[in-house]
Number of protein chains: 2
Amino acid sequence: MEQLGTHRHGDRILGGDRQSCGECEIRDLTFCSVLTAEEMARVRACRTEVKLPAHHTIFHEADEADHLFNVTSGVVKLYKLLADGRRQITGFLFAGEFLGLAANRTYAYTAETVTEAKLCRFSRRRLEKLFDEWPHLEKHLLGIAASELIAAQDQMVLLGRKTAQEKMASFILMMSERAEARGQDGNPVTLPMNRADIGDYLGLTIETVSRTLTQLKNKGVISLMGSGHILLSKPDDLGDLAEGF
Amino acid sequence: MEQLGTHRHGDRILGGDRQSCGECEIRDLTFCSVLTAEEMARVRACRTEVKLPAHHTIFHEADEADHLFNVTSGVVKLYKLLADGRRQITGFLFAGEFLGLAANRTYAYTAETVTEAKLCRFSRRRLEKLFDEWPHLEKHLLGIAASELIAAQDQMVLLGRKTAQEKMASFILMMSERAEARGQDGNPVTLPMNRADIGDYLGLTIETVSRTLTQLKNKGVISLMGSGHILLSKPDDLGDLAEGF
DNA sequence: CGTATGGTTGAGTCCGTTCAAACTGAGTGG
DNA sequence: CCACTCAGTTTGAACGGACTCAACCATACG
């Protein structure tokens, strides 16, 4: 299934290559799913595949927004910083997800790998030309942006109005649902990011994240299985906790 | 300037009419600004102008998303509720701004007027057909969505990582900047919403909003001028407070 | 084994909340 | 004109959930 006459795969750190796409296993998860074979060929021409180690910055806030990216494997986080170093993670991105949309010429946030990750990097200038030619692709992008806006509003509810326990329960459930949405196992769920990242995503400190997980464990709704794996023992109860019941 | 051979203007509460557009004073602020005269004519055909009193619900979360709207005057708020009534306002919309983008068939949030407001209501089905015909309009919409995403991320930073004072200072400055962006006076700034709305937007209680305003007043960076008018006595100091200096 | 890193647990503090009361101003009616 | 109401706002006092600071524990690694 993953072999199509070639066995090449980009393994160089920080290197780029032009192979694959035909053997892309997550094509259905990306905007490439709406492209025909001929369109794919032209998209591939403005594409470079990059492989990055964990905890590596992809771009910084205020950098020139020269590229757009698809995550093809691994996990990426987006964040903004305040002057004194306080950090808010605005999203985690998994295989198939898209990043780089910018309103101005510059990125509005920093993007950094959480795990080792592979990304398709596109020239923004060249890809935008293709958007102009293919309205169906732009329409698809608009759909993605609309979904992200809805998700952002949910996150505002979480940050502004939920308690630590509700935040944590919501987070675990969301990670579980997203894993299932991309065809992976949602229970037990894998949390590839560390406590600091979870805290900065939920508007909590490391200690509160840790304590809240212990509370949920003591309530019997989850089990901590080590190295970022969590078993949802009572998913329905976890859902109730997430919504404040 | 506002007269173009007709003196009609829709003043019926809850009523709709098909006039104007030609005399629309805020056309430059809306997506209509990218339309030609012929395109405008077709957009007008799927448009109804509605005038609503203050504190009137435009649509509810989970309603069928049959319409899209442009705010032509007044102020609108968007919010989501938790099961027990906790509320998070995700945005305030002013003249020229657009609402109704939905990922599914249903709205993801409730929209309600803050002040008396006029809106252009479009049939979603018919307007989306025009999107398909006019890629430049869809492109413009994508730009709007991208800007809103950036704004949503800023709001996440505010909700997750800022103190009450930083939240309040950021809010006043944002309201001031947005007033200027639509050609109104940014200082003194008008806050048409009440304390409860400000609190539910910033993730604070009414009391904290009130106390924080008093603190800012005592610091001498703002003056409360009554009925929602605030004078920014030291805008730069207010900016410093907003960013945590 | 020693060290480093990430995670957990504990004790005390503080910011924002909660609950309560007083104040303000606009509208209403005697 | 003033008394009254009522919603919105401000202020006060006490509380509490999450934070801060600190110590301890677990796992990985040289």
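Atoms considered below: every heavy atom in the structure, side chains included; atoms not considered: hydrogens, waters and symmetry mates. The chains referred to below are lettered A, B, ... by the order of the sequence lines, with proteins before strands, and numbering in each begins at 1.
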Taking the six-membered ring for Trp, are B:Phe59 and B:Tyr107 parallel (under 30°), tilted (30 to 60°) or perpendicular (over 60°)?
parallel
Counting heavy atoms from C-beta on, name the nucleotide in C:dT8, D:dG8, D:dA18 closest to the side chain of A:Leu224.
C:dT8
So, is A:Ser210 close to the C:dT8 phosphate, meaning a side-chain N or O under 4.0 Å from OP1 or OP2?
yes
Whole angstrom is fine here: how far is it from CE in A:Met168 over to P in D:dG17?
19 Å
Please report, rounded to the nearest Å, how far the P atom of D:dG17 is from the NZ atom of A:Lys162.
18 Å
When all nucleic acid strands are considered with a 4.0 Å heavy-atom cut-off, which category describes B:Gly203: base, sugar-phosphate, or nothing?
sugar-phosphate
Just the rounded figure in Å: distance from P of C:dG7 to CE of A:Met225.
18 Å
Measure CG/A:Leu216 against P/C:dT8 and give the value in whole Å, please.
12 Å
Nearest atoms (heavy-atom pairs only) where B:Ala169 meets B:Leu216
N-CD1, 4.3 Å
Below 4.0 Å: OP1/OP2 of D:dC19 and any side-chain N or O of A:Thr205
yes
Looking only at heavy atoms, the pair that brings A:Ala54 and A:Thr113 closest together is C-OG1, 3.4 Å
With a non-hydrogen cut-off below 4.0 angstrom, is A:Leu204 in contact with a base, only sugar-phosphate, or nothing?
sugar-phosphate
5' priority, DNA chain C, between A:Arg161 and A:Arg195 [closest heavy atom]
A:Arg195
Roughly how many Å is it from CG in B:Leu213 to C1' in D:dT11, rounded to a whole number?
14 Å
Rounded to whole Å, how long is the line connecting atom CD1 of B:Ile206 with atom P of C:dA21?
17 Å
How long is the line joining CG of B:Leu202 and P of C:dC15, in whole Å?
19 Å
Whether the side chain of B:Glu207 and the base of C:dC19 hold a donor-acceptor pair under 3.5 Å is what I'd like checked.
yes
Distance below 4.0 Å between B:Arg211 side-chain N/O and D:dT10 OP1 or OP2
no
Under 4.0 angstrom, heavy atoms only, what part of the nucleic acid is A:Thr214 near: base, sugar-phosphate, or nothing?
sugar-phosphate
Ring of B:Phe94, cation from B:Arg182 - is the NZ or CZ under 6.0 Å from the centre and inside 45° of the axis?
yes
Heavy atoms of B:Val76 and B:Val114 approach each other most closely as C-CG2, 4.1 Å
Atom pair distance, as rounded to whole Å: CG in A:Asp84 and P in D:dT20
11 Å
